[in-house]
A.B. asks: 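Mind having a look at this structure? Questions to follow.
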Amino acid sequence: MSNALKSRLWHRFQGEPGRQGGSGGFWRLEIIIPLLVIALLLALKAWVMAIVAAAVTATLWVVRAVSEPARRRVDAALGGLAHWVGQIVATVLLAPVFYLVMVLVRLLNRLAGKDPLQLRHPDAPTFWLPSDLDRRRTRYLKSMFCTERLAHGQFALLPVLLLGVVLLAAAELGLRLYGFGTPLLVVQDPTVGYYPKPNQRVRYPGRIITINNCSMRSPDLAPHKAPGHFRILLLGDSTLAGTWVGDQEIYSAILDRKLNQASAGPVIEVLNMGVNGWGPFHELGYVKKFGTFEADVAVILGPVGDCRRPLYGLEREGFTPATHPPRLALEQILYELCWRYRERCLGPRPWQIGDAIEGQLRLGVQAYVDLARYLQQQGAEVVIEMMPAKYDMLGEATDTISRGVFAQLANQVEPLGVPANCAGQIFKDVKPQSKVYHDAVHFDRLGHRLYADYLYGRLTQASSRLQHVLKHP
Amino acid sequence: MTILGVSALYHDSAAALIRDGQILAAAQEERFSRKKHDSRVPVNAIRYCLEAGAIERRGRLDAVAFYDKPITKFTRLLTTFCATAPRGFKAFAMGVPAWVKEKGWVSLAIERVLHQAGVRAGEFYFPEHHISHAASAFFPSPFQEAAVLTADGVGEWTCSSISVGEGNQIRMLTEQRFPHSLGLLYSAFTYFTGFKVNSGEYKLMGLAPYGTPKYVDTIKQNLLQIREDGSIWLNPRYFGYLDGLTMTNELFDKLFGGPPRRPESEITRREMDLAASIQVVTEEIMLKMARYARAVTGKPFLCLAGGVALNCVANGKILAERLFDDLWIQPAAGDAGGAIGAALYVWHQGLGRPRTVVPGKDSMYGAALGPSYSREQIKAFLDDNALPHRELADSQREAFLAKALAEGQVLGVCQGRMEFGPRALGYRSILADARSQKMQSYLNLSTKFRESFRPFAPIVLREDVADYFEVVQESPYMLLVAGLKQERRLPRRGDEESLSLTEWVNRPRSDLPAITHIDYSARVQTVDRERNPRLHALLTEFKRLTGCSVLVNTSFNVRSEPIVCTPEDAYACFMRTGIDVLVLEDFILLKKDQPTWVETENWQEEFGLD
């Protein structure tokens, strides 16, 4: 006789129906989940995987239907698997909460001298605590969570939540004071790629960035050049945009001042059309869309490496700015952190891999040539003034790659009569060199000053039109 | 007005039903699900209660009382993590999903069960954990006024409390809060000596008499501070439960000379001495707490509940100290009893309904609050399965069973309503002759399949208790330990401590060797005609035959199995073990008459280890 006794009397008390996760609802799960997985795989056109999933599902159904012990083993295995998956997911989700929030609360509690578990007072005369159950007993009897503590303002969760809100508010305020929350906005455009939204005044930590009515980092511009005015249009990337220094500290502004001091009469307007992340395609697109603003001289500036930048596909770049302002400064921080993380995960850009670099460089050089030609066609005298890598500028070594690319560019613009130059080791003798650059690419205040001096010298040599308007060319 | 009380999600989930203040039914989920200490929402126990209360489909419960405040408990958990971070991530990662998934939504889970049964739930109430314990101890007690002492691991925040009960009101006066818990201290030693926490505490208590309390000073000097009022402070440096998944840590190991004993490995002298030491410390704390409770409440009676109140040795010490005129302990003192307490608390205190007390008589109905099975149901079961049996009328039945007992046979008894609480009180019990020298070993090894050192409890006729034990008052719920009468003891030979555990257990200690623990103590259950007439009749008949009115009474189960509930459970247990006679109400089944029992599964593996 087996232990499978017949019992028609007590089964109602022994079954599992109604038990959460019990057999009552399991059949639904065992059908719905595999079907969802298979549907997902079919939607992804992963035919083989879908067939494998369907086969595994069918096998499990058959095994479970045929043998009760096998069913139990299969259920136990699936349950175990689900448990471990749940554990892993929970661990991943909860780790940041635990290590950030809990540790922070602990630190704050320690700073406030709180000891909620009475761990630090073994010398108390008694460890009994008064109980105010009169208050508890009826007023909060229906509540799952309220005790007398809420009434006394001791409820642990509430101050933690309040503290969290206060901390977030303080962080938001601090970040806004520091300059976050109002990033430079851009307009997406099929011809230009993107360009700064006109008429912006953005405050970053320690500096203000003003974008004029023509998306330039310069004072507002009249549609037509006034009589007696002389315009120099500078086209370039972030080294020209100069977002690490203030409006008046950028080399274009310094150059403007120096040229006007040296001017024999005409007012010289230096227009800064430098944008973070731009390359030759953007610059060409911009002048094609908006024109040259009747510029007498157009100067193409920037590191030689800008040749690599395509018109599109820069959204994965960290410097691709926002098109809409964030609601919170914290959101901006999150965005910044995310792209840095995303950047690391994504690895090199497609055009940086293998032969694609060469191809992109060729296209970039050609785009610079096209830009020079187009500017000439618009009546501007064109000057190309490129720069090699930082270590070359500082005189530490020679940037042979940049110089090689520049040589190609110089050869191709020579027939156009465009003077092209790649700066030499112009900061070699500067002291201290550490103050020249803000980072690996961008100038700091000293760098801007020095580069403005250098550029003044270069332009007065290379531009015949400029020589004409200066007192001492 | 009908109120459903529920305790669940920690250990020993249970449901209870009261109507107009009277307890109609109460049962633990483990008895139905056959999973020891089942902590899940008590689906089956709730269904049983609804049926016992004749609440059918489209019926309505006036209120549902859950025995603690889940979210407050969760905040305690978070506060603990905040106090220990960055340590404790494992516990955090394991604990929080359980809260998010289930524990935080307990009312919805209960509503779902009721909905499936077609019953509309009334309002939900959430009395605090220790108030539920206090209510379970005071409201069913035979006292109009009493001090109420509760102690367990931890509730929301409270670990132990002193309340005063007066009429239909309970007022908590003072409490100790997490982590400074006597229950957790005891559980730490349970863990360290290789037993399962929340399950093996009674084994540790049973092991204590074998040891010498040589670690008492070490414990008191390092692990905790004890004040004269019984309040304690636990030194967090030695415990792992604040920031880990174990009760103790390396410092604790170092203090007691090595790592915890591995479960099921040999029990050494160290474990015996540790058990003895923590028992001494527990008794000291409980005595001091009781003394303080007497002082602050001024009441002459004491009610006890909470898991620590299942330490019947400490209870016996409190009684022996005569701090109170009388003592009443909730038979389901652990979390299961919280279901009754929560429901009664809502009735009396939440709704302000009066309480009627009959002096000297509690309202627990001998803890016989579970399901029972009619003659027709049992007959159908026996016939369906073609099980050979005989049916005997009352007088014949008692005579037959008493004779079988006197001949040394072991009886499995499944009669009347199943007990509520951890003790088998004669409704789902294994009975045997206490005079037999071999019975303790036989029952432990051949019937219960458990450790040989485990003692057995006696049942004795209420009127004869003073003839056998150093106790004069009744102990109907087996929650008091008393010494055997001096004249019944056999003197010690003095070499006991050099013996192995088995040799020591097998050495005769009295003329009732099967129920005499090695320190001559016994966990006494008195049997009276009013509460359990059938068991009383059997004892009387046994006494008529043998002159002895004491029998061994142990729970009708094997190790790690919940106590049997149905005749089907009883029959399976009967066939798997060394029980000779099965009693299903008036039906008697003899092992020798039964068809061969073939196991299709490894049932011992199914039940696991406790």
Side-chain angles (χ1 to χ4, degrees), chain A residues 1-10 12-20 22 69 86-87 90-91 94-95 97-99 101-103 105-106 109 115-119 121-131 133-134 136-138 140-147 149 155-157 160, chain B residues 32 40-41 43-44 47-48 69-72 75 79-83 85-86 89 92-93 96-97 107 109 113 116 123-128 131 161 171-180 225 227 229 231-233 236 349-350 377 380-381 384-385 566 568 571-572 595-600:
Chain A
M1 169 154 199
S2 79
N3 58 348
L5 294 164
K6 290 180 196 170
S7 175
R8 55 186 180 177
L9 308 169
W10 304 284
R12 65 195 138 170
F13 299 136
Q14 294 174 330
E16 290 290 295
R19 170 93 62 212
Q20 283 186 344
Q87 285 288 313
T91 303
L94 291 174
V97 176
F98 184 79
Y99 288 110
V101 180
M102 299 292 179
V103 172
V105 173
R106 184 184 183 187
N109 272 345
D115 181 17
L117 300 183
Q118 296 175 284
L119 298 177
H121 300 289
D123 302 323
T126 179
F127 305 112
W128 288 111
L129 300 169
S131 178
L133 216 74
D134 278 347
R136 287 184 210 184
R137 61 185 176 184
T138 49
Y140 299 113
L141 193 53
K142 289 182 187 172
S143 165
M144 280 179 84
F145 57 90
C146 286
T147 65
R149 292 173 201 204
F155 190 50
L157 194 57
V160 170
Chain B
F32 303 101
R40 296 171 292 179
V41 173
V43 175
N44 295 291
R47 286 184 181 161
Y48 156 66
K69 288 188 182 292
I71 308 299
T72 309
T75 63
T79 307
T80 306
F81 290 128
C82 285
F89 177 67
F92 181 79
V96 170
S107 56
V113 176
Q116 283 174 345
E123 283 194 284
F124 271 78
Y125 292 84
F126 297 90
E128 287 183 44
I131 268 297
S161 72
R171 192 158 43 91
M172 192 184 280
L173 303 176
T174 184
E175 63 189 307
Q176 287 183 84
R177 288 188 180 173
F178 183 81
H180 309 293
Q225 300 272 329
R227 295 287 179 265
D229 56 13
S231 63
I232 59 171
W233 179 88
Q349 202 134 341
Q377 286 176 309
F381 166 69
D384 282 355
N385 292 285
T566 65
E568 186 182 336
Y571 185 80
T596 308
W597 177 262
V598 180
E599 291 291 353
T600 53

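Numbered from 1 within each chain, the chains take letters A, B, ... in sequence-line order.
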A.B. asks: Might you work through the side chain to side chain contact (heavy atoms under 4.5 Å, CB included) test for B:Trp233 and A:Asp123, ending with a clear yes or no?
C.D. replies: CA-CA 9 Å; B:Trp233 179 88; A:Asp123 302 323; over 6 Å; no
A.B. asks: Given heavy-atom pairs under 4.5 angstrom as the criterion, report whether the side chain, backbone, both or neither of B:Pro86 touches chain A.
C.D. replies: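 When you check distances to chain A, atoms from both the backbone and side chain of B:Pro86 fall under 4.5 Å.
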A.B. asks: If the condition is ring-ring contact (aromatic ring centres under 6.0 Å, His included), which residues does B:Phe92 pass it with, not counting sequence neighbours?
C.D. replies: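 Per chain and number, B:Phe92 pairs via ring-ring contact (aromatic ring centres under 6.0 Å, His included) with A:Phe98, B:Phe81.
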A.B. asks: Who passes side-chain hydrogen bond (donor to acceptor under 3.5 Å, both in side chains) against B:Asp229, sequence neighbours left out?
C.D. replies: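 Counting only residues at least two positions away or on another chain, B:Asp229 forms a side-chain hydrogen bond (donor to acceptor under 3.5 Å, both in side chains) with A:Thr126, B:Ser231.
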A.B. asks: Hey, are the side chains of B:Gln225 and A:Phe127 touching, using non-hydrogen atoms and a 4.5 Å cut-off?
C.D. replies: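 A side-chain contact exists here, since the closest heavy-atom pair is under 4.5 Å.
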A.B. asks: Among A:Arg106, A:Gln87, A:Met102, which residue has the highest count of heavy-atom pairs closer than 4.5 Å to chain B?
C.D. replies: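 If we count pairs closer than 4.5 Å to chain B, A:Arg106 comes out on top.
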A.B. asks: Taking side chain as everything from C-beta outward and backbone as N, CA, C, O, which of these in A:Ala124 sits under 4.5 Å from a heavy atom of chain B? Side chain, backbone, both or neither.
C.D. replies: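 The backbone, not the side chain.
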A.B. asks: Check whether B:Ser161 gets within reach of chain A through its side chain, its backbone, both or neither, counting any heavy atom under 4.5 Å.
C.D. replies: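 Just its backbone gets close to chain A.
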